[in-house]
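Heads up: the structure comes next, in structure tokens.
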There are 2 protein chains.
Amino acid sequence: MSDEASDLQEAVARFVRVFGLHQPDRTPCGTPVPTSEAHALGELAHEGELRQVELVQRLRLEKSTTSRIVTQLVRRGWAERSAAPDDGRGVLVRLTPQGHQAAQNLAAARRARFGAALERIPAGERDAVLRALALLTEAVDEP
Amino acid sequence: MSDEASDLQEAVARFVRVFGLHQPDRTPCGTPVPTSEAHALGELAHEGELRQVELVQRLRLEKSTTSRIVTQLVRRGWAERSAAPDDGRGVLVRLTPQGHQAAQNLAAARRARFGAALERIPAGERDAVLRALALLTEAVDEP
DNA sequence: GGACATGGTTCGACCATACAACCATCTGGT
DNA sequence: ACCAGATGGTTGTATGGTCGAACCATGTCC
């Protein structure tokens, strides 16, 4: 009595636990940075600077939550807020040099963890795993 | 400059956000049950009853956290604690009839969400996605 | 210019986790 | 039989996390 939906649900649940996605105060890759800040840092490092509202959309969080995260980043000296040039309401968030450094450290830690995981996956399967994950993300995304 | 480890990391990050794994007080499938309780409920429903220490291992949480979760379940009338028959220290956690009912409701919600997702995945790929997820979980598991 | 939408901040309520201290019980060695 | 150490649980403390509502400023559209 195990349809595919149940199997998928169970697989996701196991992944979440095994990968340690529970811990809010530590990235699954071991760095002592809160996960939400790590997500934001990743996006900012990718783009250099971002409107706060852009961050809201990418992180899929409420604007209140995003505001608080940005405040944390600023407090750490990793980001700066400035007025958006084209919209008096908006806020532009930009990474500081230390922020870029922190992002690089995080990226290195991630690469270490995921690199090790990849090595435990048969080389021929790696592409398939990546594609499958993307496919699943797409499918699970709500309209 | 995009190695596979980075791609994988990004894919996981996107999945986490898109699937809404952030929300602690709501299951990603829409039911108003805290996610940690949902995990515990799932394991208990699967086994009927479980030693609390078993739950610790399956959920990959600290014993203190697990203890609190069980207390919540008890408070909701979904589980009962009793002394373990073979070990004076141990606690046996058993689902009540209402607990089983709650577990079934959760399972139905999950099935709805994951079933819909599966339908958006080409039929020929579904097995591959499941296998890939299992493979990834295995690979990401720390020794 | 007034109604409504959009971008942000702050506040309150709730949930999640770990670690340490503490207690009870079990186990193994002497 | 006894004591030391391991194991199972509970409670307290400190962090971190998310949302939704209330409130303000600025933009937009008619």
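Per chain, numbering begins at 1; letters A, B, ... match sequence-line order.
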Is it true that A/Asp7 and B/Arg126 make a salt bridge, defined as a side-chain N closer than 4.0 Å to a carboxylate O? no
Looking at A/Arg14, I want to see if its CZ is surrounded by more than 12 non-hydrogen atoms of other residues, nucleotides or ligands under 6.0 Å. no
Separation of atom CG in A/Asp86 from atom P in C/dT6, rounded to whole Å: 16 Å
Verdict with reasoning, A/Gln52 to A/Thr66, per side chain to side chain contact (heavy atoms under 4.5 Å, CB included): CA-CA 8 Å; A/Gln52 197 166 300; A/Thr66 307; 4.2 Å; yes
Running the 4.5 Å side-chain criterion over Ile, Leu, Val, Met, Phe, Trp and Tyr, what cluster does B/Val93 land in, apart from itself? B/Val33, B/Leu41, B/Leu44, B/Leu50, B/Leu55, B/Leu59, B/Leu61, B/Ile69, B/Val70, B/Leu73, B/Val74, B/Trp78, B/Val91, B/Leu95, B/Leu106
Stepwise, does the side-chain hydrogen bond (donor to acceptor under 3.5 Å, both in side chains) test hold for A/Arg17 with B/His39? CA-CA 9 Å; A/Arg17 293 178 208 167; B/His39 278 268; 2.9 Å; yes
If you count every heavy atom of other residues, nucleotides or ligands that lies below 6.0 Å from A/Glu49 atom CD, does the total exceed 12? yes
I'd like to know whether A/Thr71 forms a side-chain hydrogen bond (donor to acceptor under 3.5 Å, both in side chains) with A/Arg81, so could you lay out the CA-CA distance, the side-chain angles of the two residues, the decisive distance to 0.1 Å, and finally the verdict. CA-CA 9 Å; A/Thr71 299; A/Arg81 273 193 247 245; 2.4 Å; yes
Mind running a 4.0 Å heavy-atom check of residues 8-32 of chain A against DNA chain D and sending the residues that fall below it, in number order? A/Pro24, A/Asp25
Rounded interatomic separation in angstrom, taking CD from A/Glu62 and P from C/dG12: 19 Å
Rounded to whole angstrom units, what separation is found between the CG atom of A/Leu50 and the C1' atom of C/dG8? 15 Å
Pairs under 3.5 Å (N/O, protein and nucleotides 22-25 of chain C):
none

Between B/Arg60 and A/Thr65, who's closer to the 5' end of DNA chain C by nearest nucleotide? A/Thr65
Considering only heavy atoms from C-beta outward, does the side chain of B/Val16 approach that of B/His22 to under 4.5 Å? yes
Determine whether A/Arg111 and B/Ser6 satisfy the following criterion, side-chain hydrogen bond (donor to acceptor under 3.5 Å, both in side chains), listing intermediate values before the conclusion. CA-CA 6 Å; A/Arg111 188 131 55 193; B/Ser6 296; 3.1 Å; yes
Earliest and latest nucleotide of DNA chain D, 5' to 3', sitting under 4.0 Å from a non-hydrogen atom of chain A? D/dG16 to D/dG27
Test log, rule side chain to side chain contact (heavy atoms under 4.5 Å, CB included), inputs B/Arg51 and B/Asp86: CA-CA 11 Å; B/Arg51 281 289 303 274; B/Asp86 55 338; 4.2 Å; yes
Pairing of B/Glu125 and B/Arg120 as salt bridge, 4.0 angstrom limit: no
Less than 4.0 Å between a side-chain N and a carboxylate O, is that true for A/Arg58 and A/Glu47? yes
Any heavy-atom pair between the side chains of A/Phe114 and A/Glu119 that's under 4.5 Å? no
Below 4.0 angstrom from OP1 or OP2 of C/dG8, is there any side-chain N or O of A/Arg81? no
For residues B/Leu133 and A/Leu8, determine if any side-chain heavy atom of one lies less than 4.5 Å from a side-chain heavy atom of the other. yes
Decide yes or no, distance alone: a donor-acceptor N/O pair under 3.5 angstrom between the base of C/dC19 and the side-chain of B/Ser64. yes
If we fit an axis to the first five pairs and another to the last five of the helix from C/dG1-D/dC30 to C/dT30-D/dA1, what angle do they make, to the nearest 10°? 30°
Which residues in residues 66-79 of chain B have at least one heavy atom lying under 4.0 Å from any atom of DNA chain C? B/Arg68, B/Ile69
Heavy-atom distance under 4.5 Å between the side chains of A/Glu37 and A/Thr27, does that happen here? no
Go through the steps to decide whether B/Phe15 and A/Phe15 satisfy the test ring pair (Phe, Tyr, Trp, His ring centres under 6.0 Å), and finish with yes or no. CA-CA 12 Å; B/Phe15 175 74; A/Phe15 175 72; 7.2 Å; no
